[in-house]
Amino acid sequence: MRLKYFVLFIQMFFIFSAFSSELQTQLNEKNNIARNYLLDHLSELGITENDINDAVIQNSYISKNNGLTHIYMRQFYSGIEVHNHDLQIHLNKDNSIFLINNNFIPNVSAKGLQVRPKIKVIDAIHKALNSLNSMNRSVHLLRSNGPSSNQAAVFIDSSLSGKEIPVKLVYELNEKNQLILAWDMHIQLPDAWWNIRVDAGNGDVIASDNWTVNEDYRVFPQPYESPTANGSSHQLVSNVADPVASPFGWHDTDGSAGAEFTDTRGNNVNAQDDLDANNTGGFRPDGGALLNFDFAFDENLQPTEGTNLEVGIVNLFYWNNVIHDILYQYGFDEVAGNFQSNNYGNGGSGNDAVNADAQDGSGNNNANFSTPPDGFQPRMQMFTFLAAPGLLVNTPASIAGSYMINGASFGGTLDSVGITGVLEQVNDNDNINGGSFSDACQPLIGFTAGEIALIDRGGCEFGLKVLNAQQAGAIAAMVINNQGDGLLSMGGGVNGGSVTIPSIFIGQTNGNTIRAELVNSVDITMAVLKKNRDGDLDNGIIIHEYGHGISNRLTGGPSNASCLGNDEQMGEGWSDFFALVLTAQSSETATTLRAMGTYAGNNTSGIREYPYTTDMTINLHTFADIQSVSIPHGVGSVWAEMLWEVYWNLIEVYGFDSDIYHGTGGNNIAMQLVIDGLKLQSCSPSFIQGRDAILAADVANNASVNQCAIWKGFAKRGLGLSASSGNSNTLGDETEAFDVPLECTITDILFKNGFE
């Protein structure tokens with residue numbers, strides 16, 4: 001039997017080798033065609049022959065679904081790369097030009113650029129570490145690539161858990177639009193992974209890209225979004241590894257039959273807890289020789305109690321693999337830079353399975369994903385979401401019951417027992433600065449020690465209000481919103497550090513209802529009424545985070561992970577879109593409300609300003625809103641809503657297919673267009689460039705048949721034909737428009753008059 005498997009292995013080895021050699025020959029031919037085309041069109045592109053001859057092809061690969069060849073060239077001068085200045089050329093199956101994105105700096109060899117650094121590399125590393133508040137003197141050379149123009153080397157920092165720091169010289173365009181020589185390095189801290197450039201002339205940190213994308217949410221199988229999703233249950237699923245994307249199963253790394261691991265490790269992801277926040281690998285549930293990961297979930301226990309930790313890690317392992325296998329079908333495969341330890345001879349760089357940390361101890365109420373270039377392992381960090389405090393009115397009976405509130409980031413904390421007491425409105429005998437006598441901005445007068453202070457918002461910071469109540473003998477405080485029913489999370493400001501009592505925040509309507517009964521003695525309990533929730537069970541969050549890896553690896557090619565740092569970039573939007581599509585159910589309609597992070601946040605409203613829906617009376621977002629919403633999450637939510645409109649336009653034509661792996665419905669078509677759009681768009685894309693890349697993908701994939709459906713989806717939300725993004729690196733210069741190309745308007749008129 002062993003001999004049989006050995007012979008099979010040898011046969012597969014030679015097949016893979018022959019395939020790989022043939023594919024490389026084909027790619028070399030296409031690379032030469034692309035380079036020759038560029039040399040024949042220099043004046044049209046505004047570049048010189050030296051610009052092309054000095055350039056290096058960083059990546060080239062062929063998308064299986066549409067046969068397009070994607071070639072990503074990096075600009076170099078004197079053996080030193082020009083950071084993030086690429087020329088992308090995409091070829092049709094017949095090797096004709098499909099699309100070119102040119103970001104080369106014209107005639108760079110004539111600019112008299114400095115080629116020797118004035119700042120020593122070790123000093124540059126210290127400058128970078130100092131900018132991250134991680135200054136130390138334990139950095140030393142690990143290895144050097146030998147004599148080279150870019151002086152590439154790898155250093156090691158023992159104080160950073162022995163993490164390697166790759167360093168090389170690059171040219172960076174500074175804020176004065178000047179190309180300067182810089183030291184480029186990757187520094188991995190416990191909570192983030194940075195790509196930093198330090199001026200090689202004066203030692204200033206001139207640019208940095210955080211490969212770790214932080215999320216802030218109010219936060220069991222596919223397609224269920226979470227334990228609370230409609231129809232969801234904690235169920236046992238079997239044999240779920242896709243035979244094409246994961247041909248040897250999820251626990252393989254050597255490319256031969258049989259699992260290498262019986263715990264939550266494998267070719268696509270290594271999942272473990274990181275309760276101690278050291279990023280070195282923690283506890284992993286073991287499924288034994290039968291790979292039976294069957295652990296019971298108890299929602300009445302905390303995330304670390306019983307076997308809930310095992311449940312979270314197994315769910316995290318499952319979903320990372322499912323996302324990998326689904327997106328593989330759409331072209332996020334080895335050559336496109338996906339996350340695999342062993343690429344099984346299919347091209348690309350291996351050794352980059354996702355490190356997925358469950359219940360990471362470095363934070364709460366959050367999640368992130370660090371995406372380095374192809375060949376380096378990304379890291380997903382999932383956190384515990386702390387239960388918000390609750391409010392129970394015990395008496396009088398007329399208003400008794402529970403009320404929605406929010407907590408504070410300062411002062412004492414509440415537990416399941418909480419604090420019970422009588423509510424008393426404060427009086428500070430002062431209503432200056434637009435405040436009220438009950439805003440507690442001054443020391444309180446006549447307050448009864450041992451009671452709970454009722455305070456109005458406004459006039460001063462929350463920390464001062466609660467501190468004045470504390471100094472008057474209050475055992476806790478409740479602040480009423482004076483500007484509607486929104487529930488803020490109160491910050492302490494200057495005085496928050498001196499506060500020791502707990503405080504809560506309540507909306508205006510509920511607050512005034514309670515206030516009106518103070519004459520009847522209002523007795524309340526402030527407590528944590530619910531359990532914490534494990535972000536590892538909020539599948540939408542897992543998909544969202546993994547989505548950052550997809551968009552970062554596909555935009556600009558897999559060797560560039562720094563293309564999505566501009567203000568108008570849509571990374572958060574693509575991630576929300578992936579979460580929506582992979583958890584969509586056949587019962588949903590275009591106007592169904594889809595909110596993000598509802599399980600982890602233990603609410604129904606989610607963590608975006610509006611739920612996703614095509615109903616513009618509920619989700620009001622249009623293109624102009626990116627000028628006023630938060631960066632990057634608000635900007636991303638506007639983009640995701642646009643993609644959601646396109647998604648439903650395509651479903652209206654082609655229907656919904658529950659087979660997200662291999663289906664042919666509008667949902668499948670939309671996903672394919674978005675993935676190919678990511679490959680086709682330029683580095684630092686604008687909304688317009690993102691839209692146009694999706695339109696171009698439809699030309700390549702579907703012979704342009706969906707152009708109007710796409711245009712109408714974007715135009716409905718202000719990204720129509722006449723819209724303008726302005727400079728993608730800034731916000732505020734955008735112009736929205738709701739028009740579509742004339743042919744789409746004519747089609748509508750003919751259709752309404754009975755023509756087909």
Side-chain angles (χ1 to χ4, degrees), residues 215 217-219 223-226 228-232 485-486 538-541 543-544 547 570 572-626 628-630 632-658 660 665-671 673-674 687 690-691 694 706 708-720 723 736 738 740:
E215 310 300 337
Y217 300 96
R218 302 185 193 269
V219 143
Y224 301 111
E225 187 176 13
S226 71
T228 56
N230 182 40
S232 178
D485 293 328
D538 197 311
N539 305 326
I541 295 177
I543 301 167
H544 176 102
M570 303 84 84
E572 301 296 336
W574 285 302
S575 286
D576 275 8
F577 178 75
F578 294 142
L580 292 169
V581 176
L582 267 61
T583 59
Q585 299 190 47
S586 59
S587 59
E588 296 167 0
T589 68
T591 56
T592 298
L593 306 187
R594 296 290 307 277
M596 292 293 300
T598 57
Y599 173 76
N602 209 341
N603 59 47
T604 58
S605 58
I607 45 81
R608 302 291 181 243
E609 183 176 2
Y610 305 122
Y612 292 113
T613 174
T614 62
D615 187 342
M616 292 194 72
T617 66
I618 296 176
N619 188 311
L620 311 181
H621 276 322
T622 64
F623 184 37
D625 290 334
I626 69 171
S628 58
V629 296
S630 64
H633 299 97
V635 173
S637 70
V638 178
W639 177 249
E641 179 57 38
M642 293 176 176
L643 296 180
W644 203 229
E645 295 284 356
V646 172
Y647 172 91
W648 279 104
N649 284 352
L650 293 169
I651 289 177
E652 183 178 356
V653 177
Y654 300 101
F656 176 87
D657 195 325
S658 295
I660 191 61
N667 52 322
N668 308 93
I669 294 170
M671 177 66 89
L673 290 172
V674 168
F687 272 49
R691 178 203 67 191
I694 291 173
N706 302 306
C708 290
I710 298 169
W711 271 114
K712 291 172 185 176
F714 283 113
K716 179 179 176 181
R717 297 289 176 168
L719 201 66
E736 70 177 11
F738 301 87
V740 297

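- The distance from the OH atom of Tyr599 to the CG atom of Asn539 is 10.0 Å, given to the nearest 0.5 Å.
- Using a 30° and 60° split on the angle between ring planes, Trp648 and Trp644 fall in the perpendicular class, above 60°.
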With side-chain contact (heavy atoms from CB on, under 4.5 Å) as the test, would you mind laying out the steps for Asn667 and Asp657 before giving the verdict?
-> CA-CA 7 Å; Asn667 52 322; Asp657 195 325; 4.0 Å; yes
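- Interatomic distance, CD1 of Ile669 versus CG of Leu650, reported as 6.0 Å (0.5 Å rounding).
- Within the 4.5 Å cutoff, no side-chain heavy atoms of Thr613 are placed close to those of Thr592.
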Working for side-chain contact (heavy atoms from CB on, under 4.5 Å), residues Trp639 and Glu572 = CA-CA 8 Å; Trp639 177 249; Glu572 301 296 336; over 6 Å; no
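- Nearest heavy atoms, Pro611 versus Ile618: CG-CG2, 3.9 Å.
- Lys712 NZ to Asn649 CG: the interatomic distance, rounded to the nearest 0.5 Å, is 8.0 Å.
- Pairing each heavy atom of Val646 with each of Gly713, the nearest pair is CG2-CA, 4.0 Å.
- Of all non-hydrogen atoms in Leu719 and Arg691, the two that sit nearest each other are O-NH1, 3.2 Å.
- The CG atom of Leu593 sits 9.5 Å away from the CG atom of Asn619 when rounded to the nearest 0.5 Å.
- Shortest non-hydrogen contact noted between Pro223 and Ala584 is CB-O, 3.6 Å.
- Using a 4.5 Å heavy-atom threshold, the side chains of Tyr224 and Gln585 count as touching.
- Here the closest heavy-atom approach between residue Gly573 and residue Ala640 is recorded as O-CB, 3.4 Å.
- In this structure a side-chain-to-backbone donor-acceptor pair under 3.5 Å is present from Thr614 to Ala590.
- Among all heavy-atom pairs drawn from Ser605 and Ala595, the shortest one is O-CB, 3.6 Å.
- Side-chain contact between Asp576 and Arg608: present, with at least one pair of heavy atoms (C-beta onward) separated by less than 4.5 Å.
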Leu580 and Tyr647: CA distance, side-chain angles, deciding distance, side-chain contact (heavy atoms from CB on, under 4.5 Å) verdict | CA-CA 10 Å; Leu580 292 169; Tyr647 172 91; over 6 Å; no
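- The side-chain heavy atoms of Leu643 and Met570, taken from C-beta on, include no pair separated by under 4.5 Å.
- With Glu225 contributing its side chain and Gly540 its backbone, the two residues share no donor-acceptor pair below 3.5 Å.
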List the steps, then state whether side-chain contact (heavy atoms from CB on, under 4.5 Å) holds for Val629 with Val635.
-> CA-CA 6 Å; Val629 296; Val635 173; 4.1 Å; yes
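- By the 4.5 Å heavy-atom criterion applied to side chains, Glu641 and Tyr610 are not counted as neighbours.
- Considering only heavy atoms from C-beta on, Phe578 comes within 4.5 Å of Val674 through its side chain.
- His544 contributes atom NE2, which lies 9.0 Å from atom CD1 of Ile541 (distance to the nearest 0.5 angstrom).
- Taking 4.5 Å as the limit, every side-chain heavy atom of Phe623 sits out of range of all side-chain heavy atoms of Arg717.
- For the pair Ser637 and Glu609, the minimum side-chain heavy-atom distance is 4.5 Å or more.
- Note that the CD atom of Glu645 and the CD1 atom of Ile710 stand 14.0 Å from one another [nearest 0.5 Å].
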